[in-house]
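Data first, discussion second: the structure below is written as structure tokens.
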Amino acid sequence: MTVETSALYDVPGPKALARHRLYGLIALLAIAALLGWIVYMLFHTNQFTHQKWMAFEYQGVQELLLRGLGNTLKAFGWTVLFALPFGALFAAGRLSDHRVVRWFSTLVVEFFRAMPVLVMIFFIFVALKVEPLWALVAGLVLYNGSVLAEVFRAGVLAVPAGQREAAYALGMRKTQVMSYVLVPQANRAMLPAIISQLVVALKDTSLGFLITYEEFLHAGKLIATNLDYDLPFIPVVMMIAPIYIGMCLALSWLARWVERRSRRSPSTQGGAPVAEAGLVLGLPPEE
């Protein structure tokens, strides 16, 4: 009987396994105690009374939340539509052989990546007099597009150098090498980071309420500060937070689905099998 070993750590023995189980049990008990204390405090502070939840029974409040959710998805959709091409364009610029293009792309990416998103949104909204939706979208595109540019560039550079050298040896131009060799191989490696950044963009749409854009959080704030419903801050959070979490989980599910499809794609599974070379004895045939 062979025992599998790891190069990173030794296989735990009986005492170590018992200790790990004890640590796990203690952690579970601590988490259960924390959740129990939170639920107790919610009941103790009367967060589940009808007065605090009756707001969600009215059609006007439901329409307000649905309108805010629609505005959030609209801002997120426009952000994705512009941020991905922005990132791809400036990633290509940073990988360019032309020094001027490379320096300009680096300046743009590093500047907008370092600027706080809220500062950019306020500047576009106040100084440039742009409508709230487009001020929010522009700020999110500049920031998230710059981060995605670094993700794209890192993904392309992560492909083994031999792939690039082999493509150049076949006589391909740089555009062909990028389009047919490097980018297809980098896509799957970049996908988790791209989805993570899109999740950040989705959550950052909540900054729109600071410039009076009527998105989902803005709608929740209007309900939470309503004295007629006894300031239902906690019920609004409990209503809005699972929806944000659900949208983020939907993006993660979409990423896994795209990854599974890409693995089944013929373009990522390799070409036709190569026949085995046979050994032929004797002299070569006469021409």
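Index from 1, following the sequence.
Nearest heavy atoms, A219 versus G68: CB-CA, 4.5 Å. Heavy-atom minimum distance, L198 versus F76: O-CE1, 3.3 Å. Nearest heavy-atom pair across A193 and V151 is CB-CG1, 3.8 Å. Scanning both residues, A75 and T79, for their nearest heavy atoms gives O-OG1, 2.7 Å. Of all the heavy atoms in M247 and L73, the pair that sits closest is SD-CD2, 3.6 Å. The nearest pair of heavy atoms linking Y244 to L202 is CE2-O, 4.4 Å.
The shortest side-chain heavy-atom distance between F56 and P235 falls under the 4.5 Å cut-off.
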Donor-acceptor contacts under 3.5 Å from residues 210-218 side chains, at least two apart:
unit_1: Y213; atom_1: OH; unit_2: N71; atom_2: O; d: 2.8
unit_1: E215; atom_1: OE1; unit_2: L217; atom_2: N; d: 2.8
unit_1: E215; atom_1: OE2; unit_2: L217; atom_2: N; d: 3.3
unit_1: E215; atom_1: OE2; unit_2: H218; atom_2: N; d: 2.7

Hey, can you pull the donor-acceptor pairs under 3.5 Å for the side chains in residues 48-55, sequence neighbours left out?
unit_1: T49; atom_1: OG1; unit_2: N46; atom_2: O; d: 3.3
unit_1: H50; atom_1: NE2; unit_2: E57; atom_2: OE2; d: 3.1
unit_1: Q51; atom_1: NE2; unit_2: D228; atom_2: O; d: 3.0
unit_1: K52; atom_1: NZ; unit_2: D230; atom_2: O; d: 2.9
unit_1: W53; atom_1: NE1; unit_2: Q47; atom_2: O; d: 2.7

Verdict with supporting geometry, L65 and I223, side-chain contact (heavy atoms from CB on, under 4.5 Å): CA-CA 9 Å; L65 289 173; I223 301 170; 3.7 Å; yes

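The hydrophobic clustering, which links ILVMFWY residues whose side-chain heavy atoms are closer than 4.5 Å, places L254 and V200 apart. M239 and V237 fall into different hydrophobic clusters, where Ile, Leu, Val, Met, Phe, Trp and Tyr are joined by side-chain heavy atoms under 4.5 Å apart, directly or via other members. Cluster membership for I195 and W257, using ILVMFWY side-chain heavy atoms within less than 4.5 angstrom, is shared. Linking Ile, Leu, Val, Met, Phe, Trp and Tyr residues whenever their side-chain heavy atoms come within less than 4.5 Å leaves V108 and V100 in two separate clusters. Hydrophobic clustering places L207 together with V119 (ILVMFWY residues linked when any side-chain heavy atoms are closer than 4.5 Å, directly or through intermediates).
Rounded to the nearest 0.5 Å, atoms CG (L89) and OG (S105) are 7.0 Å apart. Taken to the nearest 0.5 Å, the OG atom of S196 stands 9.5 Å off from the CG atom of L191. Between the CD1 atom of I124 and the CG atom of L136 there is a distance of 9.5 Å, given to the nearest 0.5 Å. Note: L157 CG to E150 CD = 9.5 Å, rounded to the nearest 0.5 Å. Of the inter-residue distances, the one linking L81 atom CG with L84 atom CG reads 8.5 Å to the nearest 0.5 angstrom. Interatomic distance, K221 NZ to I240 CD1, rounded to the nearest 0.5 Å: 12.0 Å.
Clustering of Ile, Leu, Val, Met, Phe, Trp and Tyr by side-chain heavy atoms under 4.5 Å joins L35 with I31. When hydrophobic side chains of Ile, Leu, Val, Met, Phe, Trp and Tyr are connected at separations under 4.5 Å, L249 ends up clustered with I245. In this structure, L22 belongs to a hydrophobic cluster whose other members, linked by side-chain heavy atoms under 4.5 Å apart, are I26.
Legend: side chain to side chain donor-acceptor pair (under 3.5 Å) pairs involving residues 58-67, not counting sequence neighbours, sorted by first then second residue: Q59-E63. Counting only residues at least two apart or on different chains, the ring pair (Phe, Tyr, Trp, His ring centres under 6.0 Å) pairs with a member in residues 133-153 are W78-W134. Here ring pair (Phe, Tyr, Trp, His ring centres under 6.0 Å) pairs that include residues 15-34, with residues two or more places apart or in two chains, number zero. Sorted by first and then second residue, the pairs that involve residues 83-127 and meet ring pair (Phe, Tyr, Trp, His ring centres under 6.0 Å), not counting sequence neighbours, are F86-F90.
Judged as a side chain to side chain contact (heavy atoms under 4.5 Å, CB included), and not counting sequence neighbours, the contacts of L29 are L25. Listed by chain and residue number, R94, R113 satisfy the salt bridge (Lys or Arg N to Asp or Glu O under 4.0 Å) test with E110 (two or more places apart in sequence, or in another chain). By the side chain to side chain contact (heavy atoms under 4.5 Å, CB included) test, A92 pairs with no residue at all, sequence neighbours left out.
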